[in-house]
Amino acid sequence: MTPLDSQPLVQVKNLTKHFPVLRGLVLQRQVGLVRAVDGISFDIQRGETLGLVGESGCGKTTAGRTLLGLYPPTSGEVLIDGQDMRHTRGPELMALRRKAQIIFQDPYASLNPRWTVNSIIAEPLRVHRLLPTEKERVERVKELLRLVGLSPTHLNRFPHEFSGGQRQRIGVARALASNPLFIVCDEPISALDVSIQAQVVNLLEELQDQFELTYLFIAHDLSMVRHICDRVAVMYLGLIVELAERNELYENPLHPYTAALLSAVPIPDPKQERARQRILLKGEIPSPLNPPSGCRFHPRCPLAKAHCAETTPAWREISPGHWVACHEVA
Amino acid sequence: MTNLLLEVRDLKTRFHTPEGTVYAVNGISFNLPQGSALAVVGESGCGKSVTMMSILRLIPIPPGQIVSGEALYVGQDLLKLSENEMEANIRGKAIAMIFQDPMTSLNPVLTIGRQLTEPLRIHLGLDHNQAQRRAIQLLEMVGISGGANRLESYPHQFSGGMRQRVMIAMALAANPSLLIADEPTTALDVTIQAQIIELVERLRREIGLTIIWITHDLGVVAGMAERVIVMYAGYIVEEADVDALYEMPCHPYTQALLAALPRADRRRDRRLKSIPGAPPNLLVEPKGCPFAPRCEHVRERCRLENPTLTTVSSSAALRGLSGDHRVACWVDLATGAMR
């Protein structure tokens, strides 16, 4: 037995999440299956930030929500601090949920417009019965507001009185309220202006240092992911196709999809941009209702051979910590 | 001297709302040479879209009001044309515009073919068969093959990238000289964004289209623009050729924006440099430099008087290698002296 603290905080084993497609009103029958997440495995160490990147529809948001039990998984296992939500009940389950929180993408949609900042941030405190009296809760909310760079006097304001960046800070404060160990950051900055993005990213980093937080950072902005994440996993059509330490992944991408994705990221430097050779992919992501056979990337892959359409590539460790699923990688 | 396609002079647009007057565009001037690619960069609310909508007179009046200015399209002031002349000769004909969200710009209950051929029949007077052939040709031009079958499709059967291609095809229908693209790739994934940028670049080369590309993404700008305008709170704060802007940004806002961007091609060396505060409230009549409250180089004068856009001498510009580099800032950031 390894001691609990040296274990990864989050362990994901062969996690799948399928959504049935139903037809008919009363006698509903299943006519298809969206394989949003189709068997992903990874660990996140304590204090680490793991990036989960991919294009829209690749399943990264579903993966994050399934991890937290917001969607029940179809199969597979998620251990947070050594415990599986599916096998815990009652107070134990509540304690587990307290440890894992989420920051949502859209700070306009994720805050109830009729609630004050105080009720929004205090909700986790009430739900988890962390502080018995109203007075203690208000004090804690004030402390949280200061932590995220807002004024404690904002307590009784409503979400519409804040800018996008400030609203996202409220979302961060709510996630922090229950003293979590692990936070899923689901595209926390993509709705914000460039000058505000850096503020929120720096805040997330400061809080991570201060409270030894562990993050799953879901994003499509690959420049920001390289900046904030320790390791990065690339998803395509419900599967992780590559996972490596950040500099290794960006400097030595092995999967042809990762290479194409990185070559498409705009670089704020005109000289570099002119010199770059883009790998333009054919077509667009196929439907997860009916993913391609074999390697799911083969119809768009510049390296595809005949066997890529037939056999699913194995998930292999090419060099220490650098994992990839591709037949053509030596 | 290259031919100017568009010349905008001192454009001011305001909106009179129940909360008060919104000072959206506060005196914008720029030149657009034929065949060039101009990027207009800025954050939400900086007036970049309102500027272009004002030029095309797409601002709802009221509450909007174009207070002053000229927009000379090959010598003809668009702000003085009648609504009929705008509709008959300018919008969609000489100047076409595409928007961020291709889904809301297409009618979901009409086929792509119906939506593509309608303007061809109405504006160009083509008959059904001619319009069909032209529509297929337009789709091929934007990289959608299998034309005739595609015309039968509905917008929901196309992905976001394909819909944006259809929008570009519609925009090209009447052979416009100028294409204004308002954040056309913001809703798209990076690989699809790269395809659309490639497409617009090819159209510029092949049919000599002039491009204005509105965006907040300084990465995209570096890849497609020749000249760049940086806007803040309804003002142009800096304007330069693309290389000069990235190599030698002269306005504190431009510098701060570039410093706040992480880069996918570099190892992380430090925390991001963030810009404190938030963009100003446009309901207040601007006084002083709009960036002053967030500026780390701010001086006394900046809070009292708004600097005008003036040409700075860069070595490249002096050697005639690049166009004017204009900046609106009292402080010469290279020396720290006042201008």
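Keep in mind that the numbers below use all heavy atoms, side chains included, and drop hydrogens, waters and symmetry copies. Note that the coordinates shown come from a computational prediction; the quantities given were computed from them, not determined experimentally. Chain naming here is simple, since letters A, B, ... match the order of the sequence lines and numbering starts at 1 in each.
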Using every non-hydrogen atom in the two residues, find where [X] and [Y] come nearest and quote the distance to one decimal.
X: B:R267; Y: A:N247; value: CG-OD1, 3.6 Å
X: A:I267; Y: B:A222; value: O-CB, 3.4 Å
X: A:P266; Y: B:G219; value: CB-C, 3.3 Å
X: B:V190; Y: A:A264; value: O-CB, 3.6 Å

### Message
Given 3.5 Å as the limit, does a donor-acceptor pair link the side chain of A:R226 with the main chain of B:R266, or not?
### Response
yes
### Message
Looking at A:Q199 and B:G277, would you say the former's side chain and the latter's main chain have a donor-acceptor pair under 3.5 Å?
### Response
yes
### Query
Where do A:D209 and B:R271 land on the salt bridge (charged side-chain N to carboxylate O under 4.0 Å, His left out) test, with the steps shown first?
CA-CA 13 Å; A:D209 291 350; B:R271 283 242 157 110; 2.9 Å; yes
If you measure from [atom1] on [X] to [atom2] on [Y], what distance do you get to the nearest 0.5 Å?
X: A:E273; Y: B:I197; atom1: CD; atom2: CD1; result: 7.5 Å
X: B:R263; Y: A:D269; atom1: CZ; atom2: CG; result: 4.5 Å
X: A:D221; Y: B:D217; atom1: CG; atom2: CG; result: 8.0 Å
X: A:L280; Y: B:T191; atom1: CG; atom2: OG1; result: 9.0 Å
X: B:R268; Y: A:C229; atom1: CZ; atom2: SG; result: 10.0 Å

Select one option (side chain, backbone, both, neither) describing which atoms of [X] are under 4.5 Å from chain B's heavy atoms.
X: A:R246; value: side chain
X: A:V201; value: side chain
X: A:I228; value: backbone

### Task
Give a yes or no on this: more than 12 heavy atoms of other residues, nucleotides or ligands lie within 6.0 Å of atom CZ of B:R270.
yes
### Structural part of B:M224 lying under 4.5 Å from a heavy atom of chain A
neither
### Query
What part of B:V242 gets closer than 4.5 Å to chain A, counting heavy atoms only: side chain, backbone, both or neither?
both
### Message
Looking at chain B, which one of A:E206, A:Q166, A:H220 has the largest number of heavy-atom pairs inside 4.5 Å, strictly under?
### Response
A:E206
### Query
Given the options B:Q193, B:K273, B:R294, which has more heavy-atom pairs under 4.5 Å with chain A than any of the others?
B:R294
### Summary
Counting heavy-atom pairs under 4.5 angstrom with chain A, the leader among B:D265, B:D269, B:L218, B:L245 is B:D265
### Query
Can you name the one residue among A:E205, A:Q197, A:M224 that meets side-chain contact (heavy atoms from CB on, under 4.5 Å) with B:L272?
A:M224
